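Keep in mind it's a predicted model, so treat the numbers as computed, not measured. When a ligand or atom number is given, it counts from 1 through the structure's own listing order.
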Amino acid sequence: MAQKSVAAIHDISGFGRCSLTVALPLLSAAGIQTSVIPTAVLSTCTGEFKGNTFHDLTRDIEPIAEHWKREGLQFDAIYTGYMCNASQVYSVMSALGYIKSNNTFLLVDPVMGDNGKLYSGFSVSFTGYMLRLCQKADIITPNITEAALLAGMPYMDGACSEEYVQKLATTLYERTRAKIVLTGVSFEKKKIGVAIFDGNEITYFFTEKQPASFHSTGDVFASVLTAALLSGRSLKAAAQVAVNFTAGCIRQTIEDKANPKFGVNFEQQIPNLIKYLQ
Ligand code: PXL
């Protein structure tokens, strides 16, 4: 199979294993040519550390994409994640006009919050901008908090009902027409996983729930989902790879007794990613 290529559009948080410092190594390890549009440079991710530096690169997003178009560059996929503000969402949408062809699939991870709360720095109005980007996507990967915000539904805490998850996924599909991969779905205490809604049927994949949670596991999940899709897997098969790999990273980080602020140890799980994708 010819080598696949992806353009990853995220911030670079220098320390803390999220966004581009997760997407770039994982996609490259999966054998995919990965180009990046960095949307901002931060000293750390914003959730676990206070007082981070922030250098906004919004003004560079469109010119980079425009240059790539002039060079005739083509991508099999575009994968977007955390955006720092509404202007970045607009610039990314304009950039898509330059670099997205009919054969490019767009995966949007609408990173905005978790556990029923928006991440710091975001207001509810930001949700409306993210929804517009999601409407351009082929696949979106919200967690329950983000899905509830995008669907305009209340957030249900803890183990949620199957009826709630179905309503969330179908409402979001109606609003975006993108395939929905809902993360952090849990109907019982010991299991956690994803719900996939492709417009026709809903499918679930679960794994054992670990006794700790870490930030930015959504970035690991969405990066591996993109990699597995590009390596020719169906959405369901790709989601299963991404669930298993992310769970492996969490298990390893717990075994390591590592500082939870430092994100998950995905690096030492890369050999498993390569095995899963063979
Ligand atoms: O993991 C998502 C993410 C990416 N980038 C930055 C973040 C976060 C989550 O908080 O703060 C800067």
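In this structure, Y82 has its ring center under 6.0 Å from that of F122.
Counting non-hydrogen atoms of neighbouring residues, nucleotides and ligands closer than 6.0 angstrom, the NZ atom of K179 reaches no more than 12 such neighbours.
Taking the six-membered ring where tryptophan is involved, the planes of W68 and F75 are tilted, since the angle between them lies from 30° to 60°.
Using a 4.0 Å cut-off between a side-chain N of Lys or Arg and a carboxylate O of Asp or Glu, E208 and R251 do not qualify as a salt bridge. Ion pairing between a basic and an acidic side chain is recognised when a charged N comes within 4.0 Å of a carboxylate O; E48 and R17 show no such pairing.
Pocket lining of ligand 1, defined as residues with a non-hydrogen atom under 4.0 Å away: D11, S13, C18, S19, L42, C45, T46, Y82, V111, S216, D219.
A search for side chain to side chain donor-acceptor pair (under 3.5 Å) contacts involving K191 returns nothing, not counting sequence neighbours.
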